[in-house]
Every structure is written in structure tokens, then in C-alpha cells.
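Model, not experiment: these values are computed from the prediction. Whatever order the structure lists them in is the order used to number ligands and atoms, beginning at 1.
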Amino acid sequence: MTTSGNGERRCWVVGSINQDIVVFAERLPRRGETVSGSSSLMFPGGKGANQAVAMARLGARVAMIGRVGRDAFGSGMVSFLENEGVDVGGVRVLEDAGTGVALVTVDASSENTIVVVPGANASWAEGVSGFNPAAGDFVLCQMEIPDDVVAQVFREARGRGAATVFNPSPFSDKARDLVGHADVLIVNAVEAGDILGRELDFGDGAGIGASPGAIEAAGALGRLGPGVLVLTLGARGVVVFSEGSETHVAGVPVAAVDTTGAGDCFTGAFIAAMAGGAGPVEAAHFAVRASALSVTRRGAAASFPRLAEVRAFARR
Ligand code: RIB
């Protein structure tokens, strides 16, 4: 598998930066219930920052455009991104807002719930600065920053000949209008149903095969405009729709301990591979392996693998 390493096609993330506060418990509490947890940890997070780190760890040249507050969480996140090799010249430190915080609960089956308080991620009144993509670059956005910022970034990116990558997470109705701006669309099953406006039947989730419903949904989403569509199916892998045909890339069975950020790891790894010259199906094989490795460790960005580890895993 090739990934960029040479930095020819730069990757830009315009997105969120959060401090994750994570608690681990046997099971998630029900409404109104208190449960005992086993441990609590602080991790770097935010869908934007996570995707930037996934790409940087896999050899891509990455710039992050985002917002943090002037507080300990913000300075910690900026240092973390810098240490990971992400260009943080486009990260602004705001005086009047706190760094975004995500409260994550992870249960014994590795699933999670997340509450995000956006803080500085919501403050873009002074516009996007430090954003200077060239033709052929990739520009990634998610939905943890205002939708009008995403629309502006995608328009500017396309105007400069860069490829736009949209991961509409967490989904809101505004995301539907942004799909038409995306050259690459990466969605999970829930987001796919929300975009298509209908219930999707992907079978019972057993095994690692994609159901006929998932293949059909990938085709329907692909026809909305993106040149490349990836429908992620968790442990069952992904369906890639490109050049008029759908390809299922199977999941890789692993012992999962924490699935937080697995989708971010997939998205970052997929684009890192494409920036290095891989086609969509080859990139999906690579990214499925990267995200499988990420769920075997705790945390979001902190759990993401480096290039040598993914290569070694792919050879097994
Ligand atoms: O996708 C996982 C991320 O969602 C977490 O890191 C958390 O910060 C939230 O943004």
C-alpha cells in the first residue's frame, strides 16, 4: 500500500478540536440511572483533529484549520497535533470561548455514547484563515463546525481545484445540502438513511458480508453526485461506490475494546491512501485495516496506528 509520505498532495482538515473525557463502564446507563464505572481517562479528540492525526500518522502532509479556547485543554490539543506532525498554523486560540469538550462513555462491548459541547468549534465569526489548498489537494470537513463554514470551505476548495471530502458526522438536516459539494462522501448506515430519507435494511449485522440493502444504498448515495462514496458498516467493513459500481471490502475481525473515533480513523486513512496515489478500493482495504487496529486500543486519535503497523497488519 502506498501512502503519500512525499507530501505531494496536501490534506487540509477544517473541523473540530475537542478534549475527550472518557469513562469506561460495564454498560451504558439508562435514562435517569447512575452506574459505576471502572476507569476515567482524558484523550485528544474532535472529529476534525482525529482525522488530521490519522492522516499524519500514516504519512500524509496535513494542515488543520480549527478553533480552541485559551485554556489548558486548548494548549494541550495544539501541542498534541503539533507533535503528531500536523501543521497547526490555521488553529486559532479564542479568548471568549472554551475548547470543545466531549463526554464519552464506553461500555464493555466497546460501544459508546458521546455528548459534545462545541465551545470554540462554533465560533468562526472572523472567517476561515490560513486555508490555502492547491489543485489536487484534499479538503476534509465534518459536521462539528457550523454548516455555513463547511459550505464556504468546500466552494473555495473546488474553486482552487482541490477535492472535497465530506464526513457528515454528527448528522443534521443541513448536511443534506452539503452532500452536493462533496467529491468524496464517507457515511455510516445511520447517516446514509438520513441523507436518503428512508429506512435502510442492512440485515442483522451478523458476519462480515455486506447485505444487498447496503450495496443498493451505496449505489443510491453515489448517484447523488460524489465521485466516490464510501458506506461504512462497522465490523462488516465498507461498500465503495465509484465509477458506477459497488465493491464490498470486508471487515477484519479484531478484539475491540473502544470504538471511539474508528470512523475518523477510517476517513483519515482512506484519504491518506488516496493522497498517496491509491484508488478508492485499494484505499478502503488500507483504511479498514487501520480502523480495525484503532478499536483494539482505548481513545480516539491516541489509538490510531502508524504506517508500519498497518503494513504489518495487512501482511498477516
Ligand atoms: O468521532 C469521535 C469523536 O467525536 C470524539 O473524539 C469526540 O471528540 C467527538 O467529537
For [Y], is there an ion pair with [X] - N to carboxylate O distance below 4.0 angstrom?
X    : Y    : answer
R176 : E191 : no
R198 : E216 : yes
R158 : D183 : yes
R289 : E309 : no

Item to check | Sole residue of D137, N132, D87 in side-chain hydrogen bond (donor to acceptor under 3.5 Å, both in side chains) with W12 | outcome: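 Among D137, N132, D87, the one that satisfies the side-chain hydrogen bond (donor to acceptor under 3.5 Å, both in side chains) with W12 is D137.
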Which residue supplies the protein heavy atom nearest to [atom], what is that atom called, and how far is it?
atom                   : answer
atom 3 (C) of ligand 1 : N50 ND2, 3.6 Å
atom 1 (O) of ligand 1 : D264 OD2, 2.7 Å
atom 4 (O) of ligand 1 : K47 NZ, 3.1 Å

Checklist entry - Taking atom types as modelled and ignoring hydrogens, do the side chains of R70 and T99 form a donor-acceptor contact shorter than 3.5 angstrom? => result no
Checklist entry - Counting heavy atoms only, which part of V104 comes closer than 4.0 Å to ligand 1: side chain, backbone, both or neither? => result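 None of V104 does.
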Checklist entry - Among the heavy atoms of G263, does any lie under 4.0 Å from an atom of ligand 1? => result no
Item to check | S16-ligand 1 polar pair, N/O distance under 3.5 Å | outcome: no
Checklist entry - Considering distance alone, does some N or O of A300 sit under 3.5 Å from an N or O of ligand 1? => result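 Looking only at distances, the answer is no, because the N/O contact criterion of under 3.5 Å is not met.
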Item to check | Pair F286 and F270, ring centroids less than 6.0 Å apart | outcome: no
Sub-4.0 Å atoms of ligand 1 with respect to non-hydrogen atoms of [X]:
X    : result
D20  : 5 (C), 6 (O), 7 (C), 8 (O)
A102 : 7 (C), 8 (O)
E144 : 4 (O), 9 (C), 10 (O)

